[in-house]
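Just so we're clear, the structure is a prediction, and the values are computed from it rather than from any experiment. Note on naming: letters A, B, ... go to the chains in the order of the sequence lines (proteins, then strands), and numbering restarts at 1 for each one.
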2 protein chains.
Amino acid sequence: MKRNSRLSATLHILVHMAEKPGQALTSEQLATFIHTNPVVVRRTIAGLRDAGIVTSSRGHGGGWLLGRTPENISLAEISAALGEPLLPFSTEPESPGCLVEQAVIAVLDDFRIAAEKLLADKLSRITLADLTADFRRRYDLIGVSTHAV
Amino acid sequence: MKRNSRLSATLHILVHMAEKPGQALTSEQLATFIHTNPVVVRRTIAGLRDAGIVTSSRGHGGGWLLGRTPENISLAEISAALGEPLLPFSTEPESPGCLVEQAVIAVLDDFRIAAEKLLADKLSRITLADLTADFRRRYDLIGVSTHAV
DNA sequence: ATGAATCGTAACTAATTAAGTTACATGAAG
DNA sequence: CTTCATGTAACTTAATTAGTTACGATTCAT
């Protein structure tokens, strides 16, 4: 798994889970989808479990299941559960007391708050079901073209 | 300079430059503002020069100047000139041929394109002049309270 | 001309972060 | 009670970014 691809890797995993409803997939299986190892998977999606997006069970026959239907899982929730910031820039003070820095931080923070809200709104309108629908469309297309050619 | 603070550090520098109009500031001076060293400054703002936001001159009496008035320098341009992506997540394929991945990337890229446009629009409405105005407000407030107390 | 000041940039080092790995405890199913 | 899973801590490795050193190129003052 490359850097900065936790969101796409997680979505990849979730679509696979959505395609096998009711069937628990192990960290091992999920890991092969995103070319990494089981511990990285557990670590990455641990937050999704806490958010109720997935459930995990141990022992024989255990593994991971979606906690809700794909229609009820939005990318906003997934992104939030991963715990990564939506915007990459930091505004932590480095020169406390510098009025220029304070002004810069104030303006950037205002922007950031508004921007994060905008992005979260947009993400909340995309669900896991949308992703699986897109996948199915591609899948069917391949099938058609394979038969046609 | 901390990680992920290139934007705020650059704004910090630019506000200082805006406060000394017509006066060339050296990389050395700019570096002290953001607690780093001159080479890091040159490297960081090199893109701003290419974008015409600042100019630099060498030799005795040389240094950095704003290339335009603060009213005509938007945060969108500054951010673009820094060459950093507005959104942190990557959508580079890791399993070419995997339809699930393709679906995920397609959806995320759509989102990313729309989101970047939104953010750029918001940033284009904030100018360096807005930052200096915010700074002046804080500066005047301190002056007032100092005199009052 | 010469020297001092300044940027431009390459090359290297150090610090930080994130992913990958190993190891083992915990719990569930047969 | 053995096997198959997750949970998690600890460590290692890899990648990225900031910091540093060094030096060439350019400009100004004398």
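- A:Gly59 comes within contact range of at least one nucleobase, with a heavy-atom separation under 4.0 Å.
- Here the side chain of A:His60 is nearest to one of C:dG20, C:dA5, D:dT3, namely D:dT3.
- Checking the phosphate oxygens (OP1, OP2) of C:dG8, a side-chain nitrogen or oxygen of B:Arg49 falls inside 4.0 Å.
- Separating the CG atom of A:Leu25 from the P atom of D:dT6 is a distance of 10 Å, rounded to the nearest angstrom.
- Between A:Thr36 and C:dA19 there is no side-chain N or O to OP1 or OP2 distance below 4.0 Å.
- With rounding to whole Å, A:Leu30 atom CG is found 15 Å from D:dC4 atom C1'.
- When only modelled atom types and interatomic distance are considered, A:Ser27 and A:Trp64 share a side-chain donor-acceptor pair under 3.5 Å.
- The closest side-chain donor-acceptor pair between A:Asp121 and A:Ser124, if any, does not fall under 3.5 angstrom.
- Contact between B:Ser95 and B:Glu101 at its shortest, heavy atoms only, is N-OE1, 2.9 Å.
- A:Arg42 has no side-chain polar atom (N or O) that falls below the 4.0 Å cut-off from OP1 or OP2 of D:dG7.
- When rounded to the nearest whole Å, the span between NZ of A:Lys2 and P of C:dA18 equals 18 Å.
- Contact annotation: A:Arg3 side-chain N/O to D:dA15 OP1/OP2 distance is not under 4.0 Å.
- Comparing A:Met1 and A:Gly61 by the nucleotide of DNA chain C whose heavy atom lies nearest to each, the residue mapping closer to the 5' end is A:Met1.
- Between A:Asn37 and C:dT21 there is a side-chain polar atom (N or O) within less than 4.0 angstrom of OP1 or OP2.
- Atoms CD (A:Glu94) and P (D:dG19) sit 8 Å apart, rounded to a whole Å.
- Under 4.0 angstrom from either OP1 or OP2 of D:dA5 there lies no side-chain N or O belonging to A:Thr26.
- As rounded to whole Å, 15 Å separates atom C1' of C:dC7 from atom CG of B:Leu48.
- Listed nucleotides C:dG8, D:dT21, D:dT8 differ in distance to B:Trp64; the shortest reach to its side chain belongs to C:dG8.
- Rounded to whole Å, atom P of C:dC7 lies 9 Å from atom CD1 of B:Ile45.
- Between A:Phe111 and B:Leu119, the shortest heavy-atom contact is CE1-O, 4.0 Å.
- One interatomic measurement links the two molecules: CD of B:Glu84 to P of D:dT16, which rounds to 14 Å at whole-angstrom precision.
- When each of C:dG8, D:dG7, D:dA9 is scored by its nearest atom to the side-chain atoms of B:Ser56, the top-ranked nucleotide is C:dG8.
- At a threshold of 4.0 angstrom between heavy atoms, the contacts of A:Arg43 include nucleobase atoms, whether or not backbone atoms are also involved.
- A donor-acceptor contact under 3.5 angstrom links the side-chain atoms of A:Arg58 to the base of C:dT26.
- Looking only at atom types and distance, the side chain of A:Thr91 has a donor-acceptor partner in the side chain of A:Arg112 under 3.5 Å away.
- Distance, A:Asn4 CG to D:dT16 P: 9 Å, rounded to whole Å.
- Contact check on B:Arg3 versus A:Glu92 returns no salt bridge, with no Lys/Arg side-chain nitrogen under 4.0 Å from an Asp/Glu carboxylate oxygen.
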